[in-house]
Each structure stands twice: as C-alpha cells, then as structure tokens.
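In this text the structure is predicted, and so the values were computed from the model without any measurement.
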Amino acid sequence: MFRSAAGERRRVRALVATCSAVAVAATSAAVLAPAAGAQQKQADDGVYRGQVEVVPASEGSAEQDVLTGRVFVDGNEDSRAGDGERGLAGVAVSNGRDVVTTDDQGRYRLPAFDNMTVFITQPSGYQVPVDEYNVPQFHYNHLPEGSPDLKYGGIEPTGPLPSAVNFPVVKSAGTAADEQSCIMAGDLQTYNRTQVDYARKGAINDMAQRDDYASCGSLFVGDVVGDDLSLYPDVKELTKQTNGPARFLPGNHDLDFDAATAAHSFDTFREQLAPTYYSYDVGNVHFVALNTVEYPCRPDEDNLDGIGTQCDDPEGDPSYNGSMSDRQLAWLERDLERVPKDKLVVVASHIGLVNYNDQSSAVHQTDQAADVYELLKGRKAVAVSGHSHTIENMKKGDSAQGWKDTHGFDKLPFPHITAGAISGDWYSGEVTEDGYPTAIGKDGGRPGLLTLDVDGSKFQERYTVTGAGDTVQTQLGINNPTYREWSEERAEWNENPEGEAPKLDEPLVVDSDDLAGRTWLTTDFWMGASGSSVKVALDGGPAKKATRTQEMKGEAKRNGPEWSDPYAVSQQLVHGGSIADSSMHLWRYELPTGLEPGEHTAEVTATDSYGREFTDSLTFEVTG
C-alpha cells in the first residue's frame, strides 16, 4: 500500500511570491456511570462514541488503595459494562507507574494513589470510544482534592477512589489491518482565535478531505495551543472536522505555567485532552506518546521524581527543559516489556530525543535520549517529534557534531523525524488567497502534515504541504552573489529599518561573470534525507547530481547566506518570519560557466530513499 508518486511536472517560478472535561474518564467527582440504556454512539456517522464508565464509591465505604475494573467489549455501545458483555483479556492497564494486564474476564487491579491517571493501551483489532470531538476516551484522572489554584482550572476534584473504572472498546477491522496511514501533526500552536481560523482553513481542512488515516487517526505532537489554554475547546472544534481518533501529547506551550511543581504542570492538558504519556496499538505498530517537557525546571527535590538537573537557569525564574521523569522511564520500560519484538515502535514526543536545527540546545533535546535508545535496542523503531518548527528526516546512522557535544553519542540508532508544523513559522508571512499564512520555516520548510504509511512493521514517511498534493515536495531557487549581498543588506536593514527596504528585483537573473563557482541552483527537498538524491538537467541535457549541503556525517551545522534557501529567504525578508539560513534538506547544483546569455530551463528530479521521484522545473536568465 506504499504510495508511489509519479513525478508530476509542474512549472515553478522560484523566488516569485506565491503564495471542562472532555471525558467521563477525565476527572470530575460528578462523573457517574451512564444511566441504564443511555446510548453514547452517534448513529448518524457510524463512529464509536462513548466514554469510560466510572462507578462511584459507595457512601461510607472504606478508603481503598487499589483500583479495580474491567476492559470490556461494548456490544450495545452504551459505555456500560452490562451483563453478558465479555471482558477482554491481555489488555495493558496502567496508573502511569505500574502496568498490569487484564485477566481472562477483562479484570484488572492497580495500586492507587493521589494524582494518578489510569489508562489502557488500545489493542490492535479494537477501538476505544471517542467523544463528539473525536478525542479518544481511554483514561481516568484521580485527584481527590483537585488541582491547586491554576489560571486555566486544571483538574476538578474527583473525590474518593471509585469502586470501579471500566474501559469500553469495540472490535475494529480497521485497527487490525497491517496497512495503516497515520498522521503525525506538528505544532498547531494557536495563540488566538485568528490563528485557530488559520489552522481551520489550512491543515485542518486538508485533514477533513482525507480518510486514509481514519483507522490509525492523528497524533498532535505537542504545542496544541500557544500558552492560552482556554483555546482547548476551540482546538477540539477543529478536530471535530477530522477523520479518525485525534490524540494529543503535551508541549511546552501547553503548560500550566503557574504550577509550583511538575506534579501539576499539565493538569489542564490532562483535564481537557489526554494523559501526559500513554501508548496504543494499531495494526502491527505500538505507539508511545511521551512527555519530554519538564517544568518547572529546578535542580532541587521539589520536582516529581527528582528531575531537573539540566536546567538552563537554575537560579532564575522557572523554565522548561527537554527531560523525562524517572517515573515515566520506568513506565516506558514496563510498557515495552509487553510489546512483541516484531512490532514497529513509534516513539512520539514534543521535544525530540535529538534535533538537527537546534542540536546544541538543552531545550531542543531530551536528556534521557540514551536511556530510551537502550530500552529500544534490537527493536524496529522511529522517533517523531515537533517543537523546532522544522522538517527533519534523519536516518539510522546519521551524525551531527552538536549531538556529540550535547549527548556524547555519535550515530542515530534508528530514524528520527521532526514533523514540521501546522503553524509553520508561527503563522508568519503573507496570507494566501485560501486564508492562511505562507509561514515558511527557518529551514525553508512549509506548513503541513507528516504521514507514516505503514505496512506491517515497515513504514514510509511522506510530507503534505498545506493546500498541496503529495507530489509537491520541493522548491527551487538561485543562490548567486547578487542574492547573497541582498540578503545580508536586507538582514542589516531589518535590525534598524530606515527609509525604503532594499528589494531583490530580479531573483532569476544571473550575470555570466557570476557563474564561475559562485552560483548554484538550489533544491529544498523537504523529506530529503540520507539515501535521497537530486539531479538537474539543463536545457534538455543529461541529468547531473546536485550536492547536499549537510551530509549528516558528523560535521557541524552549516548556516549563513551561502547555505540558505533563496526562495524562502526572499519571502521571509519581505513578508516577515524566521530566516532559512540553514537546512538539512537543501541540495545545490553549481551552474556551469559556459551557459550562453538568454533563457535556460532546469528540470530537477528529487528521489527519496524509497525510490519515489518528484520532478520540478525552474526557468532563469543569464545576462552579460
């Protein structure tokens, strides 16, 4: 089922502007088991809708330190563990620390403690219910007194431990299939309702038009909103338009910043969306959604599980860091113990285990990356993250100087992908005719969605630019002395703008005197990686190889005008945003000295590591 996209010819003039509580499982003491006969399914859409069944403790019952319940097949889809509905054996149930499996009647017993989230791992061949917003219902928050006073509310008091928490599922041929398409959505990160509308008109509209991911669903890998947690209901209105379950993991802009300790730093996220870490199975894939954001970051004993040793500013105001708690690492080890070795493991997080663009920054790497690698040794795995608003396709064996300096390790043990961002470069740049900004990123990447196409335990990644088809994978430009001089002047002008801004009037015109090793045709190949290639054919002549600017063989990061994406920079320095002066997915081809004056056409063929070809073209002029 892997997609083989034939190279679609398209003529491109590069450098020209183009352009509450969600679940009954979630927390409240007022949440009770549904009334007898209550139907949770919306019959008109065929989607299994429902909730976790929370059975309150009897009045006057003794305090318990063990939580019990069942995982059951919800035959009549009423979210109640009724008579005759069979329990499901072998399902993993966790309190975020311990992991147990259900017995032959679907029963489980877990140690209980205050401030725990109990959740199940959805098994392949079954589907947990979703609410009206398509958010999966598979967890219960237990916090008897509720959150401390937080600006965005946190978790409402749950009261005494329930007498039972029962998790409904239904059989699903869709989640049993070996062939899956799974959307991994980077930073939605809406700071206001205007940006919510940008997302709706952009990537969310694209998701609404697709149904290939309906069984696997989408996983939003953090920074769901931009600090204003009151926007979570607006985001759920967006996921209501998507197909399949819409899952979430937390990012550094999903924090309760007024939380005094890490124990409550994601309470509002937990109340509104999901546990801070969990797992689920679809097909032959085991997904692990991790929390790699530590806040408040202080090297003291106040934080949960002793985290906080790598803070950037331990003496200053609370900050965040890329880190995992000892409790989460222990859970991950126990979770993986129950996963067959032949399954593909997708490790998803907001802050990546490592990152190319910010490879020397503590807040863009995860302190415990080596520990995660050790737990995954011998397994087929891929790590997917967000956070940096870049597109990074890093293969097994790739290496960068920053990783050696920051982590002390050399080559990647398995592929790592930074998924880009729905928000792109924080919704910057020119607003398109379709109603959302171009938001070209600091690596030249465009807003869009990452999809993992899975067949058994094998996968292929693809990136879909917002508003474009799968065949749109590159953007072309000319990097010559005129462009480099302009970009430096324009960058200086931006620092102290006076008078009229300098313009790059003829971006596709090259002086023949600049052809002697000073001018390149650039190809920004967003999913390009080790094993990919780019070839350029001038004026119908033989195709010749372009050179990747970043080989990923242990060298330091290369940045500056010489290594930049001229198409992206020409847009950013005019319409605003970051500057694409470095990229791991940029190729360049030196234009030959013998080009005659006049118009020339370059046909560019980019081939990814799976042999899929994408063809693009650029027309430029040589003068002098």
Side-chain angles (χ1 to χ4, degrees), residues 21-28 31 33-34 40-41 47-55 67-74 77-81 85 87-88 90-102 106-108 110 116-142 155 158 162 164-172 174-175 182 215-220 236 239 244-250 266 269-282 285-291 331 335 338-339 346 348:
V22 172
V24 166
T27 51
S28 172
V31 172
Q40 302 302 320
K41 179 184 176 183
V47 175
Y48 174 44
R49 302 194 185 277
Q51 56 197 20
V52 173
E53 181 184 32
V54 181
V55 182
L67 179 67
T68 61
R70 295 176 65 216
V71 178
F72 67 98
V73 180
D74 190 13
E77 299 187 10
D78 69 348
S79 300
R80 298 191 66 202
E85 290 184 316
L88 190 61
V91 179
V93 189
S94 179
N95 56 15
R97 184 185 68 190
D98 309 283
V99 181
V100 299
T101 52
T102 55
R107 298 174 302 192
Y108 71 88
L110 270 172
M116 69 173 181
T117 299
V118 178
F119 55 88
I120 67 168
T121 297
Q122 173 187 283
S124 295
Y126 292 87
Q127 175 71 61
V128 300
V130 297
D131 67 7
E132 63 179 306
Y133 305 104
N134 294 325
V135 178
Q137 306 299 293
F138 65 105
H139 70 286
Y140 164 74
N141 293 322
H142 180 62
I155 299 172
T158 61
V165 175
N166 301 318
F167 297 95
V169 298
V170 294
K171 292 196 71 173
S172 168
T175 68
C182 310
S215 294
C216 191
S218 53
L219 176 57
F220 292 80
K236 288 187 285 189
T239 61
R247 299 180 175 91
F248 303 88
L249 59 80
F266 282 114
F269 176 91
R270 292 164 62 198
E271 173 84 356
Q272 292 285 333
L273 298 176
T276 54
Y277 55 90
Y278 56 94
S279 63
Y280 59 99
D281 288 343
V282 179
V285 186
H286 182 69
F287 289 86
V288 180
L290 297 178
N291 172 21
W331 167 82
D335 176 79
R338 291 163 171 77
V339 179
V346 177

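One finds the CG atom of Asp74 at 5.0 Å from the CD atom of Glu85 (value rounded to the nearest 0.5 Å). Note that the CG atom of Asn141 and the CD1 atom of Ile155 stand 4.5 Å from one another [nearest 0.5 Å]. Atom CZ of Phe167 and atom CD of Gln51 lie 13.0 Å apart (nearest 0.5 Å). For the atom pair CD1 of Ile120 and OG of Ser94, the computed distance is 11.5 Å after rounding to the nearest 0.5 Å. Atom CD of Glu271 and atom CZ of Phe269 lie 12.5 Å apart (nearest 0.5 Å). Between Trp331 atom CH2 and Leu290 atom CG the span is 6.5 Å, to the nearest 0.5 Å.
Between Leu88 and Pro123 the shortest side-chain heavy-atom distance falls below 4.5 Å. Between Asn166 and Val71 the shortest side-chain heavy-atom distance does not fall below 4.5 Å. A 4.5 Å side-chain heavy-atom check between Cys216 and Phe287 finds at least one atom pair inside the cut-off. In this structure, Pro275 and Phe119 have side chains that are in contact, with non-hydrogen atoms separated by less than 4.5 Å. Side-chain atoms of Tyr108 and Val165, non-hydrogen and from C-beta on, do get closer than 4.5 Å to each other. Residues Val346 and His286 fail the side-chain proximity criterion, which asks for heavy atoms closer than 4.5 Å. The shortest distance between side-chain heavy atoms of Val130 and Val135 does not fall below 4.5 Å. Counting heavy atoms from C-beta outward, Leu67 and Met116 have side chains that approach closer than 4.5 Å.
In terms of heavy-atom proximity, His142 sits nearest to Thr158 at ND1-OG1, 3.6 Å. Nearest heavy-atom pair across Thr276 and Pro250 is O-CD, 3.4 Å. Scanning both residues, Pro136 and Ala246, for their nearest heavy atoms gives CD-O, 3.2 Å. Between Tyr48 and Pro168, the shortest heavy-atom distance links the atoms OH-CB, 3.2 Å. Between Phe72 and Glu53 the shortest heavy-atom distance is CE2-OE1, 4.5 Å. Nearest heavy atoms, Val54 versus Pro162: CG1-CG, 3.7 Å.
Using modelled atom types and a 3.5 Å distance limit, the side chains of Tyr126 and Asp281 yield no donor-acceptor pair. For Thr117 and Arg270, the side-chain atoms include at least one donor-acceptor pair closer than 3.5 Å.
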Using the side-chain hydrogen bond (donor to acceptor under 3.5 Å, both in side chains) rule, take Arg247 and Ser218 through it: C-alpha gap first, then chi angles, then the decisive distance, then the call. CA-CA 6 Å; Arg247 299 180 175 91; Ser218 53; over 6 Å; no

For a side-chain hydrogen bond (donor to acceptor under 3.5 Å, both in side chains) check, start with the C-alpha distance between Arg49 and Asn134, then their side-chain angles and the critical distance, and finish with the verdict. CA-CA 8 Å; Arg49 302 194 185 277; Asn134 294 325; 3.2 Å; yes

Is there a side-chain hydrogen bond (donor to acceptor under 3.5 Å, both in side chains) between Ser279 and Asp335 once you walk through the steps? CA-CA 8 Å; Ser279 63; Asp335 176 79; 2.8 Å; yes

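Under the 3.5 Å distance criterion, the side-chain polar atoms of Thr175 are left unmatched by any main-chain donor or acceptor of Gln127. Of the possible polar contacts, one joining the Thr102 side chain to the Val91 backbone as a donor-acceptor pair under 3.5 Å is found.
The aromatic rings of Phe248 and Phe220 sit parallel to each other, their planes meeting at less than 30°, with 60° as the upper class boundary.
When ring centroids are compared, Phe138 and Tyr278 come within the 6.0 Å threshold.
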